[in-house]
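We count ligands from 1, going down the list as the structure has it; atoms in each ligand are counted the same way. Every heavy atom of this structure was used, including side-chain atoms; hydrogens, water molecules and symmetry mates were not.
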Amino acid sequence: MSNVVVVGAQWGDEGKGRIVDWLAEKADIVVRYNGGHNAGHTLVVDGQTYKLALLPSGVVRGKPGLIGNGVALDPEALLAEIGRMAAMGIRVTPEVLQIAETATLVLPVHRAIDAAQERMRAKPIGTTLRGIGPAYEDKVGRRGLRVCDLAEPALLAQKLEALLAHHAAWFRGLGLEPFPLEPMLSDLIAMAPKILPFVGRVWEQLDHAHSSGKRVVFEGSQAVMLDVDWGSYPYVTSSSTIAAGAASGTGIAPSRVGRVLGVSKVYATRVGEGPFTSEVTGAPGDVLRQRGGEYGVNTGRPRRCGWLDTVQLRQSSKVAGIDLLALTKLDVLDGFESVYLCVGYLLDGVRIDYMPATSAEQQRLEPVLQRFDGWDGSTRGTRAYGDLPKQAVALIEAIQREVGVPVAMVTTGPERDDAIVLQSPFA
Ligand code: GDP
Ligand code: IMO
Ligand code: MG
């Protein structure tokens, strides 16, 4: 049975959640492999909007979900999200959700560090302030707490004390009070019985799934340009967002992750700071923001908008191992007289066809834009390729040519079935 990995191919918010929900119809399990509640994944089903942050996007269909070891899990945020889902009629029980024992815990102290780090940066990253980066720092610093630690309260207290002692020096250095143990410890101990029933051996469940021919969708959060290795460092998140992260972040063999479906809008957005060569400030960037509803799902921040950058998308596709593209939000371009693709860069006046490594060089890039005719009328809800205006088809084909990856899907509205399927992402 074939699996699929869903990877954000730009700077996040490409519509991964709705693509995962669509794929979940034909899947047995959906697994999150990276990030935490910095993610915001939106599903619209029969007019009802679901906003997911930590839960795998298959839960709305009642598909079993797993949260892998690569995820940074804030237990408070998880319980709140399960509560929000319950209020919308979606019951998330241990029968449909299992969390890896070795997932990293995001704690209140991480939120405090995230905020303090942003305040002291000469150039802030514009993080979501959810504590995600500091939690991953503690993980690789080998002092982090993991979900399995919730099962041993005495040891949990010791580990938390050691973690706080480490950070106390830093807080004091900034003239801040060290972060207190209480009420964080008591809150964790109180939450433990609610979280522990969900905890299991995710790697083993994936192995069983493989042996019994089950189909798995791996759900990435964030995106290639926010990847800690391949993104526009340091304006990135702190996890591995690419297909390789699906293996290291869940315990499945890299040879078993299956096809990689990269999700990209037909234009581009970015939240937070950092280089964005094809950004359009003023109109028509403002029009894209209004029509595309480009405001952060969690933080409500307006997203920066611009034209699709095919140089970025080509390079991202290579490093993320993208086999097929899902292009989203075609309907947002309805009514534009002209639309553009960024097809090259000028670095200090010299044309290049790759993304340079340094942030300073990335900031100096000028886009080489190619103009395309827009189209009249609406593509909203179109479900057949043949029903698209010829200008929209020309744009899609140009994207496919420039990026060098086949387009498997095009979405034409936020509703679950507002999509044109050209090729099944499952092998
Ligand atoms: P994710 O983080 O990649 O899952 O994406 P987000 O949920 O943060 O952002 C995508 C936004 O675009 C959501 O508001 C979706 O409802 C919306 N959306 C997704 N696909 C389409 C589409 O084809 N057309 C339109 N108009 N909106 C879409
Ligand atoms: P989804 O899964 C868009 C951005 C933040 C900031 C940078 C680092 O919905 O696509 P962090 O809090 O992770 O340390 O912030 O990454 N960012 C996202 N941008 N979509 C996301 O998730 C994001 N998650 C983090 O805005 O620039
Ligand atoms: Mg999002």
Side-chain angles (χ1 to χ4, degrees), residues 6-22 32-45 48-54 57 71-72 74 106 110-111 113-115 117-118 124-137 219-228 231-239 241 262-267 269-276 288 290-299 301-304 326-334 378-383 409-420:
V6 174
V7 173
Q10 301 174 295
W11 289 269
D13 305 325
E14 296 89 350
K16 297 174 292 293
R18 64 86 45 96
I19 297 288
V20 169
D21 164 67
W22 184 85
R32 269 284 296 269
Y33 61 83
N34 77 300
H37 67 309
N38 49 349
H41 298 171
T42 316
L43 279 57
V44 184
V45 183
Q48 177 78 265
T49 299
Y50 301 89
K51 295 182 178 187
L52 300 169
L54 271 165
S57 294
V71 169
D74 183 325
V106 182
H110 295 130
R111 283 200 295 275
I113 296 170
D114 203 348
Q117 283 182 343
E118 279 287 82
I125 292 169
T127 75
T128 60
L129 298 176
R130 299 290 193 266
I132 305 297
Y136 281 122
E137 283 180 40
E219 178 176 14
S221 54
Q222 291 82 49
V224 187
M225 291 308 295
L226 296 174
D227 184 273
V228 68
S232 51
Y233 192 89
Y235 300 97
V236 294
T237 192
S238 301
S239 67
T241 64
V263 187
S264 169
K265 294 178 200 188
V266 289
Y267 52 97
T269 64
R270 170 164 208 168
V271 205
E273 301 305 319
F276 183 5
L288 288 170
Q290 291 313 320
R291 291 211 195 134
E294 298 296 356
Y295 296 88
V297 176
N298 282 323
T299 59
R301 290 182 290 177
R303 296 175 181 153
R304 299 156 65 192
L327 294 178
T328 59
K329 307 189 84 163
L330 182 70
D331 55 298
V332 174
L333 296 183
D334 288 350
S378 170
T379 62
R380 181 96 174 199
T382 302
R383 295 181 188 184
M409 291 177 72
V410 180
T411 72
T412 53
E415 272 279 349
R416 181 178 267 174
D417 293 317
D418 288 343
I420 299 167

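At a cut-off of 2.8 Å, measuring from the Mg ion (ligand 3), the protein N, O or S atoms that fall short of it are D13 OD1, G40 O, waters left aside.
Looking from atom 15 (O) of ligand 2 to the surrounding protein, the closest heavy atom is T127 CA, 3.4 Å. Among all protein heavy atoms, the one lying closest to atom 23 (O) of ligand 1 is T411 OG1, 2.5 Å. The nearest heavy-atom contact from the protein to atom 20 (N) of ligand 1 is R18 NH1, 2.9 Å.
Residue contacts with ligand 1: G293 is excluded, as none of its non-hydrogen atoms falls under 4.0 Å. Contact annotation: R270 has no heavy atom less than 4.0 Å from any atom of ligand 2.
Heavy-atom proximity to A39, at under 4.0 Å, picks out these atoms of ligand 2: 1 (P), 2 (O), 9 (O), 22 (O).
Taking any N or O of R301, backbone or side chain, at least one lies under 3.5 Å from an N or O belonging to ligand 2. For V332, no nitrogen or oxygen atom sits less than 3.5 Å from a nitrogen or oxygen atom of ligand 1, counting backbone and side chain alike.
Selection from G220, G17, G36, G40 by nearest heavy atom to atom 9 (O) of ligand 2 gives G40. Closest to atom 6 (C) of ligand 2 by heavy atom, among A53, G126, G272, is G126. For atom 24 (N) of ligand 1, the choice among D331, I19, V20 with the nearest heavy atom turns out to be D331.
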Hey, mind stepping through D21 and R416 against salt bridge (charged side-chain N to carboxylate O under 4.0 Å, His left out) and telling me if it holds?
CA-CA 8 Å; D21 164 67; R416 181 178 267 174; 2.8 Å; yes
